[in-house]
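Inspection log for the structure reproduced underneath, given as structure tokens.
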Amino acid sequence: MAKLDEIINYLQGEGLMPRKDEDGDILFKYQMKNFIIFDTTDDEQYLQIALPGIYDVNEENLVEVLAACNSVSRSIKVAKAIVTGDNKSVWVVYESMLDTTPVYGDIIPRSLEILLAAQRSFYETING
């Protein structure tokens, strides 16, 4: 995973007030939305950022939600829209491989905007 301390320093410098949770993941708010940067220590060059819980899933809307997720995942680069394992909510996730000297000031703002675009695309698709 990307170096968490460097990411935290970057986020603090941007005034985003990150904090680590009990799993070591970084939690922070951006544009009034909650984001998670996952601690994937098994792969130092892998960066995974999520915008969790953007839509509630139930038995009645599951097929429509899956179709909207598929549409977003096909149309937005490096973003996936997924239904959580418990089938209760939709998350959008940014995934990327980093080089050995990542510039977080370039990567993180763009990744957050991609996630927000994926959320908008999901809402547009699901609402027809």
Side-chain angles (χ1 to χ4, degrees):
M1 150 76 209
K3 295 181 171 56
L4 290 180
D5 290 337
E6 291 176 17
I7 292 174
I8 288 172
N9 287 338
Y10 169 76
L11 294 171
Q12 287 173 334
E14 296 299 308
L16 297 176
M17 300 187 324
R19 65 178 180 84
K20 280 190 179 181
D21 69 6
E22 62 277 357
D23 295 323
D25 301 328
I26 300 171
L27 310 176
F28 65 99
K29 285 188 181 281
Y30 174 74
Q31 293 191 6
M32 305 291 289
K33 297 179 186 331
N34 295 312
F35 289 85
I36 304 168
I37 297 178
F38 292 101
D39 178 9
T40 55
T41 54
D42 59 333
D43 190 345
E44 290 195 2
Q45 290 182 289
Y46 177 60
L47 177 65
Q48 186 179 40
I49 306 174
L51 175 55
I54 67 163
Y55 196 81
D56 292 332
V57 180
N58 57 49
E59 254 182 56
E60 293 78 34
N61 70 8
L62 181 59
V63 171
E64 181 181 48
V65 165
L66 290 171
C69 286
N70 189 46
S71 176
V72 169
S73 297
R74 282 191 341 258
S75 64
I76 306 286
K77 294 176 187 174
V78 298
K80 296 178 184 177
I82 62 168
V83 174
T84 56
D86 59 5
N87 283 346
K88 292 192 177 183
S89 69
V90 173
W91 290 31
V92 287
V93 181
Y94 169 93
E95 296 181 313
S96 184
M97 300 304 295
L98 304 175
D99 66 18
T100 57
T101 58
V103 178
Y104 296 114
D106 293 337
I107 297 165
I108 292 176
R110 184 157 186 208
S111 65
L112 297 177
E113 291 305 318
I114 288 169
L115 288 170
L116 293 172
Q119 179 188 35
R120 283 189 304 274
S121 178
F122 178 85
Y123 290 155
E124 289 167 5
T125 302
I126 201 80
N127 292 324

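Numbers for residues simply follow the sequence, beginning at 1. Please read these numbers as outputs of a predicted model, since none were measured by experiment.
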Rounded to the nearest 0.5 Å, what separates atom OG in S71 from atom CD1 in I76? 8.5 Å

Interatomic distance, F35 atom CZ to D25 atom CG [nearest 0.5 angstrom]: 15.0 Å

Of all the heavy-atom pairs spanning A50 and P52, show the shortest one and how long it is. O-CD, 3.5 Å

Starting at CD of Q12, measure out to CZ of R19 and round the result to the nearest 0.5 Å. 13.5 Å

Should the heavy atoms of other residues, nucleotides or ligands under 6.0 Å from CE of M17 be counted, would the total exceed 12? no

Can you tell if the side chain of I107 reaches within under 4.5 Å of the side chain of S96, non-hydrogen atoms only? no

Applying salt bridge (Lys or Arg N to Asp or Glu O under 4.0 Å), name anything that partners E95, two or more places apart in sequence or on another chain. K80

Only pairs under 3.5 Å count here: list side-chain donor-acceptor contacts from residues 58-67, not counting sequence neighbours, and write none if there are none.
residue, atom, partner, partner atom, Å
N58, OD1, E60, N, 2.9
N58, OD1, N61, N, 2.9
N61, OD1, N58, N, 2.8
N61, ND2, D56, O, 3.2

If you take all heavy atoms of I49 and S111, which pair is closest and at what distance? CD1-OG, 3.2 Å

Nearest heavy-atom contact between P18 and I26 is CB-CG2, 3.7 Å

To the closest 0.5 Å, what do you measure between CG (L16) and CG (L11)? 5.5 Å

Student check: side-chain heavy atoms of M97 and Y46 closer than 4.5 Å: yes

On a heavy-atom basis, the closest approach of G24 and D39 is O-CB, 3.4 Å

Report yes if some heavy atom in the side chain of N34 is under 4.5 Å from a heavy atom in the side chain of K29; otherwise report no. yes

How many angstroms lie between CD1 in I7 and OH in Y104, if you round to the nearest 0.5 Å? 4.5 Å

Please examine the side chains of L47 and Y94, heavy atoms only from C-beta on, and report whether any two atoms are closer than 4.5 Å. yes

With rounding to the nearest 0.5 angstrom, report the NZ to CG distance, K3 to N9. 13.0 Å

Could you list the donor-acceptor pairs under 3.5 angstrom formed by side chains in residues 113-123, with sequence neighbours left out?
residue, atom, partner, partner atom, Å
E113, OE2, Y30, OH, 2.7
Q119, NE2, Y123, OH, 3.1
Y123, OH, I54, O, 2.7

Validation row: I8, K20 side chains within 4.5 angstrom (heavy atoms): yes

